[in-house]
Amino acid sequence: MSGVLGIFEQREDLLKAVKEARTENLGPLEAFSPVLDEDLIEAVSPGKSPVRRLTLLGGVTGGICGLVLTIWTTAQWPLLITGGKPLISIPPFLVIAFELTILFGALGTVSGFLYWSIWARHRRPLPYDTRFTQDHFGLWIECPSVDTEQVVKFLKERGATEWEIR
Amino acid sequence: MSSTDRPHNLSPDPTTTRFGRVNRDILGTLHPGRLYFAALALCLLGIGWGVWSWVQQVNNGLAVTGLHNPVMWGAYITTFVFWVGIAHSGTLISAVLFLFRARWRTAISRAAEAMTVFAVMTAGLFPIIHLGRPWLFYWLLPYPNQRGLWVNFRSPLLWDVFAIGTYFTVSVLFFYLGLVPDLAILRDNSTGWKRRIFSIASLGWSGSTREWKHFNSSYLLMAALATPLVISVHSVVSWDFAVAIVPGWHSTLFAPYFVAGAIFSGLAMVLTLIIPARKILHLEEYVTPSHLENVAKLILFTSLIVSYSYVIEFFFAWYSQNPFEQTVFMSRLVGDYAPLFWLMVVCNCLTPMLFFIPSARRNTALLFVVSLLINVGMWTERFVIIAGSLARQYNTTTWGDYGPSWVEWSILLGSLCWFLFWFLLFIRHLPGLPIAEVKEAMIHGSPARNSLSAEGQP
């Protein structure tokens, strides 16, 4: 994978560069930031994160598991001391179902984070600079066809202090 | 191939940029002095004493405790409820205040989340310590077995297993998720084997926008899941009592009453831990008096709910015209449990009223003292509810008194040391403030570090 990584000191410069790279259609982009920056996320990869789907899937699975576990095991071992209440008493079982809904929902959310955030990055490694966790920002522009010199010029004009051609 | 227009030395010194200073200041707390190791040793000593006492109990049975008919739930269950309650404020601060966009939470959220995890770890020990045969604790789990038995899901004790198990798992995941960007900071600021460990722990975090996007979404969803969870957990704990037909326990008030009490006691514990920590770690600039003031306001609010619940409980006893219920409450008011009852009223209802005075909320020494009193008061409250109600059930011939034995006091002390031990390890090895979030608060229009505290009131 070839491209150029520009390093920025100012967040505003980076935001401007991202927007202009988008309009000039320079190629696939990725920006790096030491902080969670919703404006930057919106500029680089707009749209909703798919993590929520796994949360829902986990939650629904958990709820069903909770009901199945309680009802099935009670039916397996029908303890008759119920104080006149039905053997399958739903209200107490709902407590278990509720807790498992939350548990599986949380596990689903973390799996989603691991899959889309972490695994996706390991599958497609990009250049990295340790200053990205400190106080610098980065912009990676993939350019297999476009002339790299042109991209370097673009980054330089928009306030990049350093760049690296890969 | 790499090229640069300017020589490297022209790029700003990282410690002079605002973000760089945050890194330096917070990472600087990870090198504490001799006092730290002394405290750690003291905690280990306390844990050792607690473990030795527990060994005595395992060898000799529950006879070494003060437990006997009719009070079979005493200091252990009290301490269990106490620690579960402590855990709750961490989730309140990290999840509920996050959903309400109360940005001041940043200053205390990491420490509060860590406190949640350690408090649940402490609480989880007590139901097991309380067992006569603790090595059979796994009978609580529903697993297929030779005996053909399944657990009784109608029992509130089983709900506890699921509630506490879920709460622990979700708290750990939530804590870890929030920690990932900061672990990457630690990785980039360390060398050698530490760097390798932090590389693995940070999962190769690089701060790309796609990572941040899914991180943001996951964090929000975890907060949204943790919020109903935290309410359910203490409700379930309260149902351990409310579902039984013991006078003084059997009340529909218990769930909201316990949840408010849990948050109240937990916030006090946050102050107990944060006030010395900010001093020792030199974080006064980040954890300012106005953050502490916000916590004090929350304490005042929850204290009012708790006080209201105390009053309403007495109203229930009177209004129900149930003589058994009335006897229990009279014994709290003027009977054998009156000293403890009035101690809890002073600590939980009267002392927090000081926080109506603005200067009292900004006085850190006073905040610390009041937080300690609330910790004592909330332990006493659970003791009065649990032991006090069991001791005065129905027929006078079944009455009996209870006081914890030295074994129970030692294990309580040991649990406090165990909790502090983990907290000390935490502030030594992980950043006590969420670095990435402190920086984030800066780009949201805060010109200086201190103004972090200026926005957002509870």
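Here is the naming used below: chain letters follow the sequence lines, and residue numbers restart at 1 for every chain. All of these numbers come straight from a predicted model, not from anything done at the bench.
For the set A:V110, A:D37, A:L107, A:L103, the count of heavy-atom pairs under 4.5 angstrom toward chain B peaks at A:L103. Considering only heavy-atom pairs separated by less than 4.5 Å from chain B, the leading option among A:G138, A:P50, A:S117, A:A120 is A:S117. No other option in B:V243, B:T169, B:I185, B:V236 has as many heavy-atom pairs under 4.5 Å with chain A as B:I185. Ranked by heavy-atom pairs under 4.5 Å with chain B, the first of A:I41, A:D39, A:T130, A:T73 is A:T73. Across A:V44, A:T101, A:I118, A:I96, the residue that shares the most heavy-atom pairs under 4.5 angstrom with chain B is A:I96. Interface check for chain B: of the options A:F104, A:F93, A:F113, the most heavy-atom pairs under 4.5 Å are formed by A:F113. Considering only heavy-atom pairs separated by less than 4.5 Å from chain B, the leading option among A:F98, A:Y128, A:W116 is A:Y128.
Of the N and O atoms on the side chains of A:R121 and B:S206, at least one donor lies less than 3.5 Å from an acceptor on the other residue. Residues A:E30 and B:T209 have side chains that bring a donor and an acceptor to within less than 3.5 angstrom of each other.
Looking at A:R11, the atoms closer than 4.5 Å to chain B (heavy atoms on both sides) all sit in the side chain, from C-beta outward. Contacts between A:F137 and chain B at a heavy-atom distance below 4.5 Å involve the side chain alone, from C-beta outward. For a residue to count as touching a neighbouring chain, one of its non-hydrogen atoms must lie under 4.5 Å from one of that chain's; by this rule A:L114 touches chain B with the side chain only. Both the backbone and the side chain of B:L225 come within contact range of chain A, judged by heavy atoms closer than 4.5 Å. Only the side chain of B:N189 comes within contact range of chain A, judged by heavy atoms closer than 4.5 Å. A:E42 does not touch chain B: none of its heavy atoms, backbone or side chain, sits under 4.5 Å away. With a 4.5 Å cut-off on non-hydrogen atoms, A:T109 touches chain B through its backbone and its side chain both. Using a 4.5 Å cut-off between heavy atoms, A:T55 contacts chain B through its side chain alone, with no backbone atom that close. Heavy-atom distances place the backbone of A:K48, and not its side chain, under 4.5 Å from chain B. Using a 4.5 Å cut-off between heavy atoms, B:P144 does not touch chain A at all. For a residue to count as touching a neighbouring chain, one of its non-hydrogen atoms must lie under 4.5 Å from one of that chain's; by this rule A:P127 does not touch chain B.
A ring-centre distance under 6.0 Å is found for B:Y219 and B:F98. The ring of B:H88 has its center no closer than 6.0 angstrom to the ring center of B:F258.
Taking the six-membered ring where tryptophan is involved, the planes of B:W159 and B:W239 are perpendicular, since the angle between them exceeds 60° and thus also 30°. Taking the six-membered ring for Trp and thresholds of 30 and 60 degrees, B:W249 and B:F241 have ring planes more than 60 degrees apart, a perpendicular arrangement. Using cut-offs of 30° and 60° on the angle between ring planes, the pair B:W150 and A:W72 is perpendicular.
Using a distance-only test at 3.5 Å, with no hydrogens or angles considered, a donor-acceptor pair links the side chain of B:K213 to the main chain of A:S45.
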task = Determine, step by step, whether A:R52 and B:L220 satisfy the side-chain contact (heavy atoms from CB on, under 4.5 Å) criterion, reporting the C-alpha distance in whole Å, the side-chain angles of both residues, the deciding distance to 0.1 Å, and the verdict.
result = CA-CA 10 Å; A:R52 67 215 156 94; B:L220 182 73; over 6 Å; no
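Counting all heavy atoms, side chain and backbone alike, B:T116 lies closest to B:Y167 at CG2-OH, 3.7 Å.
Atom CZ of A:R22 has more than 12 heavy atoms from other residues, nucleotides or ligands within 6.0 Å.
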